[in-house]
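To keep things clear, I will list the structure first and then write my remarks on it.
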Amino acid sequence: TTGIIMARENQSVVTEFIFQGLSSQPRTQTVLFTVFLVFYLFTIFGNIMIITVIRADSQLQAPMYFFLANLSFLDICYVSSNIPQMLVNLFTKKRTISFSGCAAQMYFSLAFGMTECVLLGVMAYDRYMAICHPLLYTTVMNRKVCIHMVMASWTSSLLSSMVINSLTLQLPFCGPDILNHYFCEVPAVLALACADTALMELVIFIFSILIVFIPFLLIITSYAHILFAILKIQSAHVQSKAFSTCGSHLTVVTIFYGTAICMYMNPKSKPPQDRDKVVAVFYTIVAPMLNPLIYSLRNKDMKRALRRAMNRPKSLF
């Protein structure tokens, strides 16, 4: 990939891109800088807190919390692939990024986003096994299987992002160089290519089906079975606990998938619109920020673990 990037820099007129950003008004930029800085710090702190509590609490060693800790680590990586660059642009009023820097940001942000799609699907399957097949749960979802699932999520997404970015970087970029976005995202960069991008759009659509839509179908199918299983339970207390453990995950899925599908499941070529930037804010910034809040407030086991952690803070370190 590095060789391709260097080759593109030598062959292309465009050697850097200029972000149009979310606003060109100085006052609005100041407000956005403050808001997104708070969002970023909250996301980092909240997700580190979840990882630390899960690691320290012996009662949170179930597969569900192993996946949640991995999701928190992933969200830290995800927001760190785009928010720091945006904050620098807002603070310094310098909105440029080098071609190689854009390529790196495009690769990592896409890879982390794809990994989140697959991991959310894995988490839905975990809930399906726990609720619909409790007797087989500990056998099927053992530690080794969980590790393999997480590794498969990362590997498939990193490789998929490599293919998409390698093909994108082979396109000629001869101007314009203004990105109608706040970070380097494939659809926005693709719109600046000086060539027919129909084949590339088809490739993106195919990978979107594999990495985005298939996990989404797994989530829908899993929760359909879960709903029927919960409705058959006679105990109201058990029903409430089942809904509690699933509710957090469903909320995260709705926010993340509802916006990501709008962006990546449309193969039709069109220039990026302001609406697309707002949609991107939800799955790249808002969703990772809300995850710690959703999982800590809607999950009773996490709330109890947080209370125990606050009563013995030294045990976290």
Side-chain angles (χ1 to χ4, degrees), residues 1-21 74 77-78 80-82 84-86 89 94-118 152-215 260-273 276-277 279-280 283-284:
T1 304
T2 304
I4 293 173
I5 294 171
M6 292 178 66
R8 291 307 316 141
E9 286 186 322
N10 291 332
Q11 297 171 13
S12 302
V13 174
V14 174
T15 58
E16 65 178 15
F17 292 106
I18 302 171
F19 293 114
Q20 190 166 322
L74 175 60
C77 296
Y78 196 19
S80 297
S81 69
N82 55 70
Q85 176 71 52
M86 180 176 64
N89 294 340
K94 182 177 180 292
R95 297 188 170 199
T96 60
I97 185 171
S98 67
F99 191 95
S100 57
C102 184
Q105 187 181 63
M106 191 166 58
Y107 171 75
F108 286 111
S109 62
L110 181 61
F112 295 144
M114 286 180 160
T115 306
E116 182 137 352
C117 290
V118 181
S153 301
W154 280 92
T155 303
S156 61
S157 301
L158 290 170
L159 292 176
S160 298
S161 181
M162 184 179 296
V163 171
I164 292 174
N165 279 270
S166 296
L167 293 174
T168 301
L169 296 173
Q170 289 180 21
L171 295 170
F173 292 91
C174 50
D177 59 357
I178 298 176
L179 271 174
N180 187 17
H181 217 313
Y182 59 89
F183 76 105
C184 289
E185 191 172 29
V186 174
V189 174
L190 205 59
L192 300 183
C194 304
D196 184 9
T197 60
L199 179 60
M200 191 61 226
E201 289 164 10
L202 178 61
V203 170
I204 292 174
F205 185 66
I206 292 171
F207 274 98
S208 296
I209 292 174
L210 294 174
I211 304 294
V212 180
F213 195 63
I214 289 179
I261 286 178
C262 290
M263 183 68 75
Y264 283 96
M265 289 300 293
N266 182 10
K268 182 181 177 181
S269 177
K270 62 174 184 177
Q273 304 295 320
D276 295 335
K277 291 187 284 187
V279 169
Y283 62 80
T284 60

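For clarity, every value in this text was computed on a predicted model and none was experimentally measured.
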Exercise for the section: With sequence neighbours left out, write down each residue that passes side-chain contact (heavy atoms from CB on, under 4.5 Å) with T96, or none if nothing qualifies. Expected result: E16, I18, K94
Problem - Under 3.5 Å donor-acceptor, E116 side chain and L74 backbone - result: no
Practice task
Over all heavy atoms of both residues, which pair between S161 and A111 is shortest? Give the atoms and the distance, please.
Solution key: OG-N, 3.5 Å
Practice task
Start with the C-alpha gap between V203 and L167, add the side-chain angles, then the distance that decides, and say whether side chain to side chain contact (heavy atoms under 4.5 Å, CB included) holds.
Solution key: CA-CA 9 Å; V203 170; L167 293 174; 3.9 Å; yes
Exercise for the section: Supply the atom-to-atom distance K277 NZ to L179 CG, rounded to the nearest 0.5 angstrom. Expected result: 10.0 Å
Handout entry: Flag for E201-T197: side-chain donor and acceptor within less than 3.5 Å
Key = yes
Handout entry: Contact summary for E185 and A280, nearest pair of heavy atoms
Key = OE1-CB, 4.0 Å
Completion exercise
When rounded to the nearest 0.5 Å, the distance separating OG1 of T115 from CD1 of I211 is 8.5 Å
Practice task
Tell me whether the centres of the aromatic rings in F19 and F183 are closer together than 6.0 Å.
Solution key: no
Handout entry: Distance-minimising heavy-atom pair for L192 and I178
Key = CD2-O, 3.6 Å
Handout entry: With sequence neighbours excluded, residues passing disulfide (SG to SG under 2.5 Å) with C102
Key = C184
Handout entry: Heavy-atom donor-acceptor pair, S208 side chain to I204 backbone, under 3.5 Å
Key = yes
Practice task
Give the minimum heavy-atom separation between P215 and C117, together with the two atoms involved.
Solution key: CB-O, 3.5 Å
Handout entry: Partners passing side chain to side chain donor-acceptor pair (under 3.5 Å) against S153 (at least two apart in sequence or in another chain)
Key = none
Exercise for the section: Check whether any side-chain heavy atom of V118 lies under 4.5 Å from a side-chain heavy atom of S157, and answer yes or no. Expected result: yes
Practice task
Answer yes or no: is there a side-chain heavy-atom contact under 4.5 Å between V189 and H181?
Solution key: no
Problem - Under the side chain to side chain donor-acceptor pair (under 3.5 Å) test, residues paired with T284 that sit two or more places apart - result: Y182
Fill in the blank from the handout: Sorted by chain and number, sequence neighbours left out, side-chain contact (heavy atoms from CB on, under 4.5 Å) with I206 holds for L202, L210
Exercise for the section: Step by step, work out the side chain to side chain contact (heavy atoms under 4.5 Å, CB included) result for W154 and F112. Expected result: CA-CA 8 Å; W154 280 92; F112 295 144; 3.6 Å; yes
Exercise for the section: Kindly say whether the aromatic ring centers of Y78 and F108 come within a distance under 6.0 Å. Expected result: no
Handout entry: For S160, side chain to side chain donor-acceptor pair (under 3.5 Å) partners two or more places apart
Key = none
Practice task
Measure the OG-CD distance between S98 and Q105 for me, rounded to the nearest 0.5 Å.
Solution key: 10.0 Å
Practice task
Apply side chain to side chain donor-acceptor pair (under 3.5 Å) to Q85 and list each qualifying residue two or more places apart in sequence or on a separate chain.
Solution key: N89
Handout entry: Set of disulfide (SG to SG under 2.5 Å) partners for C194, sequence neighbours left out
Key = C174
Exercise for the section: Looking only at non-hydrogen atoms, find the nearest pair between L169 and F99 and report the distance. Expected result: CD2-CE2, 3.8 Å
Exercise for the section: Please tell me if the side chains of M114 and L158 come closer than 4.5 Å, counting only heavy atoms from C-beta onward. Expected result: no
Fill in the blank from the handout: Nearest heavy-atom contact between M200 and I164 is CE-O, 3.3 Å
